[in-house]
Each structure stands twice: as C-alpha cells, then as structure tokens.
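Because only heavy atoms are used, hydrogens play no part in the values below, and waters and symmetry mates are left out as well, while side chains stay in.
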Amino acid sequence: MFFIEDLWQMLFVRGFQDTTRLLSESFIRTISESMANSSCGVSELELCRNDTAALHFKLVAIASILTSGAMGIAIPLFGRQSRFLKTDGNLFVAAKAFAAGVILATAFVHMLPDGSKALSDPCLPEFPWSKFPFSGFFAMMASLLTLLVDFVGTQYYERKRGMIRSKEEANRVGSITDSGLESGIVPAGDLNVKVFGEEDGGAMHIVGMHAHAAHHRHSHPQGKQACDGHVTGHDHGHGHGHAHGHVHSHGLDGDDDESGVRHVVVSQILELGIVSHSVIIGLSLGVSHSPCTIRPLIAALSFHQFFEGFALGGCISQAQFNTLSTSLMAVFFAITTPLGISIGAAVASTYNPDSTGALVAEGILDSLSAGILVYMALVDLIAADFLSKRMSCNFRLQIVSYCTLFLGAGLMSSLALWA
C-alpha cells in the first residue's frame with residue numbers, strides 16, 4: 001500500500017514537472033518568436049528617426065506631389081484644345097502609348113511586388129499568409145472582375161445612349177410627319193395606288209437596302225485602299241425623283257459613339273485603380289518617422305504621380321466628359337496622394353504599419369490595384385490602339401508608339417530604385 005502511494009506520488013510529481021517544463025519551453029518559444037516578429041519594423045524607427053524633420057519633409061511632399069499630379073493630368077486635358085495634342089492626332093496616340101507603358105510598369109513593378117511583400121511579411125501569422133500566393137490570386141480576381149465591370153458598364157452606357165438616340169429619332173420623324181401633313185402631303189397608305197417599290201401582295205421592295213449594300217461595297221475597300229484615309233466613303237448621287245426617310249452614315253457616327261462609350265468606362269475604371277494605389281503610397285509616406293526614408297520618396301512619387309496623371313488625363317480627354325465631371329475626376333486624382341499623406345501624418349503616433357491589419361489591408365489593396373491596371377493597360381489601352389487599323393496603316397506611327405511605350409515602361413520601372 002505504501003509502495004503504491006509512493007509510486008503514484010512519484011509519477012504525479014514527475015508528470016507535473018514534465019508538463020511544467022513543456023509549458024515553460026512553449027511559453028519561452030512563443031515570446032522569442034513574438035520578439036523576433038516585433039523587430040520587423042524596428043529598423044526604420046531606430047535609424048534616422050526625427051519627427052520634426054520628417055514632418056517638414058511631409059509638407060514638402062504634399063506640395064510637390066500635388067503640383068506634379070495636377071500638371072500631369074492637366075496637360076492632356078488642356079492640350080486637346082491645341083492642334084498638337086488633339087485626341088485624333090498622331091502625337092496624342094504616341095503620348096497615350098507612353099502613358100500605357102507607365103501604367104503597365106506601375107502594376108507589375110510597383111503595386112504587385114508591394115502587395116506580395118506586405119502579404120508575406122514576417123509580422124503576419126504563418127497560416128494562411130505564407131501557405132498561399134495571395135497577392136497573385138487577388139490580382140487575378142481583380143482583372144476578372146474588371147473585365148466584368150468593363151462589360152456591364154459598356155452595355156449600360158450603350159443602351160443609355162441608344163435610348164436617347166431612339167427618342168431623338170422618334171421626335172425628328174414625328175416633326176417631319178407633322179410638317180408633311182400641314183403642307184398638304186397625303187400619306188401614301190391612304191391612297192389606293194401602288195407606291196414606288198411596292199410589289200404585288202403588299203410586299204415592299206426597299207430601295208434603301210440596296211443603297212445600303214452598295215454603300216458597304218464602296219466604303220470597305222480591301223488591301224492598300226483600306227489605309228487611305230481609313231474610311232473612304234464614295235458618295236454616289238442617285239437620280240431618283242423620290243426621297244428616302246432613312247439616312248445611313250456607316251463607320252463614322254456609330255464608331256464614334258461606341259468609342260466614346262468605351263472611353264467613358266475605361267477612364268472611370270482606370271481612375272479607380274490608380275486612386276486606390278495612391279491612397280496606399282500616401283499613407284505609407286505619411287506614417288513614416290524617418291527623413292532618410294521620406295527624402296528620396298518625394299522626387300520618386302512626384303514623377304510617379306505626374307506619369308499616372310498624364311495617362312489618366314489622356315483617357316479622360318478622349319471620354320469627352322462635361323466640364324464638371326472632368327474637373328471632379330482631375331481634382332480627385334490630384335488630391336488623393338496628398339490626402340493620404342495628411343491622414344498618415346495625423347495618425348502616425350498611433351498607427352502601426354507593421355500590424356496585421358495594416359499589412360493585410362495594404363497587401364490586398366495593392367494586389368487588387370495591380371490586377372485592375374494590368375487589365376486596363378493591356379486590353380483597353382495597348383491592344384485597343386496597337387491593333388487598330390490606324391496603327392497598322394501608319395508605319396511611322398507604329399515605330400514612334402512602340403518607342404514611347406517602352407520608354408514609359410522603362411522610366412516608370414526605374415523609379416522602383418527609390419520608391
């Protein structure tokens with residue numbers, strides 16, 4: 001009996017000691033890991049920290065970035081009034097190619113690496129952030145959602161403009177009918193005679209259909225003639241003594257309306273992608289306490305905003321918004337990064353950029369912005385212009401546009417050395 005009690009006490013004490021030792025080791029390991037994680041953001045605070053100097057540099061950054069962004073977006077908007085930067089000129093096409101390269105480099109070189117870096121930061125828990133490439137996944141989903149929004153938005157604006165055009169056409173036809181009745185012209189349907197073009201059995205032979213087909217044959221030449229003026233319409237006068245109520249203008253008004261709708265959708269989605277990234281970079285600069293970090297970012301982000309503003313301004317100028325909408329979009333872009341810097345400076349004392357919430361939010365927003373801009377640059381800017389008939393028919397424009405495309409991508413990529 002005493003032997004069993006002694007054995008039980010010994011086993012219990014040993015088990016308690018083993019459990020205590022395991023718990024203490026686990027606790028020490030947890031503390032050491034948390035200390036290691038907490039050191040991930042200390043380097044910037046320990047090196048070159050000066051709150052007063054940092055605040056002065058933040059004020060300089062706000063003024064510089066605001067000015068450069070406003071200048072970048074204003075050049076295409078005001079330049080479209082001159083003959084050099086008209087939206088239908090070759091110089092504007094080359095400038096737009098430069099802007100497309102800037103946007104593509106912004107997505108691939110700036111946003112996507114920043115998002116990947118934030119979502120793989122050692123301050124984040126190992127699960128699930130280090131188990132799956134979330135940055136690429138979010139970028140892919142953003143591209144697919146942008147495609148959906150692009151499609152739905154285009155359909156919406158096309159139907160809206162189609163309804164407006166139908167109402168205008170109905171009003172115009174109604175006014176013509178009323179004027180005809182007032183002038184004493186009796187509709188042909190009220191007379192028991194065969195109208196010109198009417199066949200037996202009441203079938204109507206529409207002359208306008210043959211004219212429409214002939215117009216297509218004349219307006220769509222093949223080969224080299226297709227490049228002569230891009231649209232070579234041949235107007236043939238018909239000596240018929242009757243008037244057709246249907247006037248067809250193919251390839252001009254319809255294409256202009258469709259391209260106008262596309263530019264409206266593209267400019268709005270593009271601004272969404274650029275603005276979301278501008279908030280992040282402004283907030284990151286605003287919460288910094290290190291003049292050594294802020295000083296090189298001032299010049300880099302100023303050029304960054306100038307190029308992005310130029311790209312966005314080109315799309316807005318092609319969309320041909322009214323003055324109020326154009327001004328709102330331009331001002332909203334110009335003030336986004338300075339506003340982010342101001343918010344960051346205001347919360348710098350309490351905001352921890354290395355916290356889990358801040359890193360996850362930054363990584364997701366950067367990845368989503370990258371996906372949006374990749375889609376917009378490749379599909380709506382580069383492919384839309386470089387695969388157009390205008391580009392294929394002008395070899396000199398091809399060379400200049402490709403050079404400006406690579407130049408814009410290269411210059412924007414080089415800014416990654418500082419920002």
Side-chain angles (χ1 to χ4, degrees), residues 38-75 102 105-106 109-111 113-115 117-118 121 123 271 274-313 327 329-363 365-366 369 411-419:
S38 64
S39 64
C40 57
V42 173
S43 58
E44 191 267 340
L45 297 176
E46 292 178 347
L47 298 176
C48 196
R49 172 163 182 165
N50 189 330
D51 292 344
T52 303
L55 181 60
H56 292 164
F57 280 116
K58 290 174 188 178
L59 296 176
V60 173
I62 291 175
S64 176
I65 293 174
L66 179 63
T67 303
S68 59
M71 289 177 57
I73 199 171
I75 289 176
V102 168
T106 301
V109 181
H110 294 269
M111 294 184 181
D114 289 346
K117 180 181 178 181
D121 195 278
C123 297
E271 177 153 14
I274 292 177
V275 163
S276 60
H277 176 65
S278 299
V279 172
I280 294 298
I281 60 177
L283 190 63
S284 300
L285 189 148
V287 298
S288 177
H289 298 274
S290 172
C292 300
T293 302
I294 300 174
R295 189 184 297 112
L297 288 177
I298 295 176
L301 293 182
S302 296
F303 283 106
H304 185 278
Q305 290 300 104
F306 178 83
F307 291 147
E308 284 189 344
F310 187 86
L312 180 60
S327 302
M329 294 181 72
V331 171
F332 188 58
F333 164 78
I335 67 173
T336 302
T337 302
L339 185 62
I341 296 174
S342 302
I343 295 174
V347 301
S349 59
T350 58
Y351 178 80
N352 181 15
D354 299 304
S355 64
T356 301
L359 289 172
V360 170
E362 178 183 351
L365 285 178
D366 275 338
S369 300
L411 290 177
M412 195 65 188
S413 299
S414 64
L415 293 180
L417 297 173
W418 299 278

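Here the CE atom belonging to M111 is positioned 6.0 Å from the OG atom belonging to S276, to the nearest 0.5 angstrom. Once rounded to the nearest 0.5 Å, the distance linking OG of S288 with CG of L283 reads 11.5 Å. Rounding to the nearest 0.5 Å places CD of E362 at 7.0 Å from CG of D114. Here the straight-line distance linking atom CG of D366 with atom NZ of K117 works out to 11.0 Å at 0.5 Å rounding. Here the straight-line distance linking atom CD1 of I341 with atom CD1 of I335 works out to 12.5 Å at 0.5 Å rounding. Taken to the nearest 0.5 Å, the NE2 atom of H289 stands 11.5 Å off from the CG atom of N50.
The shortest non-hydrogen separation linking D354 to L359 is O-CD1, 3.6 Å. Of all heavy-atom pairs spanning H110 and M412, the tightest one is NE2-O, 2.8 Å. Smallest separation of non-hydrogen atoms from A358 and P353: CB-O, 3.8 Å. Annotation for I65 and P338: closest pair CG2-CD, 4.2 Å, computed over non-hydrogen atoms. Here the closest non-hydrogen pair linking S342 and I62 is OG-CD1, 3.5 Å. Closest non-hydrogen pair, F333 versus V275, comes out as CA-CG2, 4.5 Å.
Counting non-hydrogen atoms of other residues, nucleotides and ligands closer than 6.0 Å to CZ of F303 gives a total of 12 or fewer.
Here the side chain of S64 pairs no donor or acceptor atom with the backbone of V60 at under 3.5 angstrom. Using a distance-only test at 3.5 Å, with no hydrogens or angles considered, a donor-acceptor pair links the side chain of S68 to the main chain of S302.
Counting only heavy atoms from C-beta outward, the side chains of F332 and L339 never approach each other to under 4.5 Å. With contacts defined as side-chain heavy-atom distances shorter than 4.5 Å, the pair I75/F310 qualifies. Between C123 and T356, the closest side-chain pair of non-hydrogen atoms is not below 4.5 Å. Residues I298 and F57 are in side-chain contact: their nearest non-hydrogen atoms beyond the backbone lie under 4.5 Å apart.
Under the 30°/60° scheme for interplanar angles, the aromatic rings of H277 and H304 are found to be tilted.
Partners of A345 under the side-chain contact (heavy atoms from CB on, under 4.5 Å) rule, at least two apart in sequence or in another chain, are K58.
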